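Bear in mind the structure is a predicted one, so any value in this text is a computation, not a measurement.
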Amino acid sequence: MSSGPRFRFAPSPTGFFHVGGARTALFNWALAKRLRGRFVLRIEDTDEARNRPEWTDGIIDALAWIGIRGDDPVFEGPYFQSHYADAHLLAAERLFTSGAAYYCDLTSEEVQERAKASGLSGYDGYSRDRGLGPAPGRVLRFRVPDGETVVHDLVRGDVVFDNSTIEDFVLLRGNGTPMFLLANVVDDMEMRISHVVRAEEHLPNTPKQQMLWDALGQRPPVWAHVPLLVNEQRKKLSKRRDKVAVEQYRDEGYLADAMVNYLMTLGWSPPGDEEIVPWSTIEATFRLEDVNHSPAFFDIKKLSAFNGEYIRMLSIEAFIAACQPFLHSEDVPWPPERFDPAKFAALASVVQSRATTLSEVPGVVDFMFLDDPILDELAWEKTMATPGAKEVLSETTDAYRNIEPWEASVLKETLEAIGERHGMKKGKAQAPVRVAVTGRAVGPPLFEALEVLGRDEVVRRLTTVGMGIGTA
RNA sequence: GCCCCCAUCGUCUAGUGGCCUAGGACACCACCCUUUCAAGGUGGCGGCACGGGUUCGAAUCCCGUUGGGGGUGCCA
């Protein structure tokens, strides 16, 4: 077995994969790769996960999307019951036998009552010396020793906890099943995990886990607690309030590379001036010691800016390939059989320089594949109210019927000449034609689009709408 | 309540006692370019939470205050 570092990432399935989780996974992944260690992906087991295995699959998919996979495929999935259930119980038994843990027959209500009566919070150690053995309804509690526990954290330095502030916590429930805390520690031991990199919310529970490692006679792993990701209210990202599903960003046309790069800049920054850097740079330079201490806000605007840059970095072929899922999805606005790859390719480069996300691409090129463009009535009225607009439209229509050759530059010259005669600037003059042909007042460069659409269709649209003027 | 963490432009960050008159990026604003919209270019706005120390010198070190967050289950 390899003796290198072993990192683990253990999300709990909640129906989707969280951006905060993705960031933590990325931190683990970068480290595992740089230090040539192992990356253990294990999905925490919950009732939800057991009832809905597709949730677990979704997490594995989302991780794969951002380039992460477990080095130990066997752990890709719920593990809790299936792999180490025996080890959990064995560890509990050892702790009881050695005196590090003891049984207690108080119910949680009784614990609360005693706490209220004494004015102290939490469990008071009532059964510490009562010598109780295991029995149904009795919980196994850890005997927290006197003194203090120092957690050596790679991100935060030494964090000191006074053990007197930690109550004797439960290891085994009254029904004999292990608590998460115990299971987690035992799983880490069984998997020989050497580095635990997780979100800061786990820091307050770390001394408990560390005491368990100590009591079980093993050296604790290297701890590292990375800052939380928060919403605009500075609260921990929550699935209720916040849009945090990684899958959703994938579906909206964010590129995995952009997502990964952006996520890595939350709590860390690459050396040098550039923050848009390839993964190879990240992998070569990421260090936990350089991770920030304060929570970071997940800013979709900045993610979008990254995404736009990544889209523009794509070769034209890669861009076209990346667009495919969005051009052939079910909610595309045109009849699927009308889609013409050649037409799309002809306009791809001008679309590429404008896109922030891939999902907005169909809306930019839809006029090419629709029988008739979806006319923006408001834009139409506004455009045609401009003096000279009607004239430009009808004169351009006539000119385009016979113009040769049918090329963007020629179309441009012609229309601009007509516009000039009516005292209209370039942008103003093209507006009526743009709206008539594409349905909108904004869009890709007009003459390139006209060239791709072809004379017949352009003239047809200009004529159709031109007749509309008369009736309006 | 108790425990823990955190504190640089609106946001993400650089900064590890003098290179700081605090740098960059996103956002925003203006201008340039321009075929609408983008992209690109130039410029602008904007910050070390507060109070005490330590030091010749503090964004940086110490203490306190304030503010924010997290944890504290027979949840995971």
Q: Kindly state whether the ring of Trp406(A) and the ring of Tyr400(A) have centres lying under 6.0 angstrom apart.
A: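 Distance test on ring centres: under 6.0 Å, yes.
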
Q: From the set rC3(B), rA25(B), rU36(B), return the single nucleotide nearest to any side-chain atom of Thr165(A).
A: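 Closest of the options to the side chain of Thr165(A): rC3(B).
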
Q: Taking atom C1' in both rA58(B) and rC20(B), what distance in whole Å separates the two?
A: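 rA58(B) and rC20(B) have their C1' atoms separated by 11 Å.
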
Q: With the side chain of Glu416(A) defined as its heavy atoms from C-beta on, choose the nearest nucleotide among rC26(B), rA76(B), rU35(B).
A: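 Looking only at side-chain atoms, Glu416(A) lies closest to rU35(B).
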
Q: Output the single nucleotide from rG70(B), rA27(B), rC12(B) whose closest atom is nearest the side chain of Ala296(A).
A: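 Closest nucleotide among those given: rC12(B).
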
Q: Give me the one residue out of Glu201(A), Arg156(A), Arg198(A), His293(A) that meets side chain to side chain donor-acceptor pair (under 3.5 Å) with His225(A).
A: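 Among the candidates, only Arg198(A) passes.
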
Q: Toward the 5' end of RNA chain B, which comes first, His202(A) or Tyr123(A), by nearest nucleotide?
A: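 It is Tyr123(A), whose closest nucleotide lies nearer the 5' terminus.
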
Q: If you pin Leu203(A) and Phe298(A) to their nearest nucleotides in RNA chain B, which one's is more 5'?
A: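 Closer to the 5' end of RNA chain B: Leu203(A).
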
Q: Does rC12(B) have OP1 or OP2 sitting under 4.0 Å from an N or O in the side chain of Arg23(A)?
A: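 So the side chain of Arg23(A) is outside the cut-off, no N or O lying under 4.0 Å from OP1 or OP2 of rC12(B).
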
Q: A cation-pi test, strictly: NZ or CZ of Arg141(A) under 6.0 Å from the centre of the six-membered ring of Tyr123(A) and no more than 45 degrees from its axis. Yes or no?
A: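 Yes, Arg141(A) sits over the ring of Tyr123(A).
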
Q: I'd like to know if Lys302(A) reaches the base of rA25(B) with its side chain, counting only an N/O donor and acceptor under 3.5 Å.
A: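 Yes.
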
Q: Does the structure show a Watson-Crick or G-U wobble partner for rC28(B), both distances under 3.5 Å? Name it, or say none.
A: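 Partner of rC28(B): rG44(B).
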
Q: Look at the side chain of Glu309(A) and decide which nucleotide, out of rC26(B), rU13(B), rU35(B), has an atom nearest to it.
A: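 Comparing rC26(B), rU13(B), rU35(B) against the side chain of Glu309(A), the answer is rC26(B).
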
Q: Are the aromatic rings of Tyr310(A) and Tyr254(A) close, with centres under 6.0 Å apart?
A: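 No, the ring centres sit 6.0 Å or more apart.
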
Q: Using the C1' atom in both, what is the distance from rU8(B) to rU60(B), to the nearest Å?
A: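 These two C1' atoms come out 11 Å apart once rounded.
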
Q: Ignoring backbone atoms, establish whether Asn205(A) has a side-chain N or O less than 4.0 Å from OP1 or OP2 of rU72(B).
A: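 Answer is yes, contact under 4.0 Å.
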
Q: If you compare every side-chain N and O of Arg198(A) against the phosphate oxygens of rG71(B) (OP1, OP2), does one of them come in below 4.0 Å?
A: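 Looking at the OP1 and OP2 atoms of rG71(B), neither is under 4.0 Å from any side-chain N or O of Arg198(A).
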
Q: Partner of rC19(B) by Watson-Crick or G-U wobble geometry, both contacts under 3.5 Å, or none?
A: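 Base-paired to nothing in any strand shown.
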
Q: State, without any angle test, whether His88(A) and Asp187(A) hold a side-chain donor-acceptor pair at a distance under 3.5 Å.
A: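 On atom types as modelled, these side chains qualify, holding a pair under 3.5 Å.
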
Q: Is Phe161(A) touching bases, backbone alone, or none of the nucleic acid, heavy atoms closer than 4.0 Å?
A: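 Result for Phe161(A) = sugar-phosphate.
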
Q: Can you check whether His293(A) has a side-chain N or O nearer than 4.0 Å to OP1 or OP2 of rC5(B)?
A: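 Checking rC5(B) against His293(A), no side-chain N or O comes under 4.0 Å of OP1 or OP2.
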
Q: Taking atom P of rC12(B) as reference, at what distance in whole Å does atom CD of Glu232(A) sit?
A: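 Value for this atom pair: 11 Å.
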
Q: Could you tell me whether the phosphate oxygens of rA14(B), OP1 or OP2, come under 4.0 Å of any side-chain nitrogen or oxygen in Asn292(A)?
A: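 The answer is yes; a side-chain N or O of Asn292(A) sits under 4.0 Å from OP1 or OP2.
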
Q: Hey, does the side chain of Lys301(A) come within less than 4.0 Å of rG10(B)'s phosphate (OP1/OP2), counting only N and O?
A: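 No.
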
Q: Would you say a side-chain N or O of Arg234(A) is under 4.0 Å from OP1 or OP2 of rG67(B)?
A: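 False: Arg234(A) side-chain N/O out of range (4.0 Å or more) of rG67(B) OP1/OP2.
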
Q: Looking only at N and O atoms, is any donor in the side chain of Arg156(A) or the base of rC5(B) less than 3.5 Å from an acceptor on the other one?
A: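 Result: no qualifying N/O pair found.
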
Q: Does rC2(B) have a Watson-Crick or wobble partner in any strand here, with both distances under 3.5 angstrom, and which is it?
A: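 Its partner is rG71(B) (Watson-Crick or G-U wobble, both distances under 3.5 Å).
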
Q: Considering every strand shown, what is the Watson-Crick or G-U wobble mate of rA7(B) when both distances are under 3.5 Å?
A: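 By the stated definition (distances under 3.5 Å), rU66(B) pairs with rA7(B).
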
Q: Ring centroids only, cut at 6.0 angstrom: are Tyr249(A) and Phe298(A) within range, meaning strictly under it?
A: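 For Tyr249(A) and Phe298(A), the ring centres are under 6.0 Å apart.
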
Q: Does Thr265(A) make a side-chain N or O approach to OP1 or OP2 of rU13(B) shorter than 4.0 Å?
A: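 For Thr265(A), the contact criterion (side-chain N or O under 4.0 Å from OP1 or OP2 of rU13(B)) is not met.
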
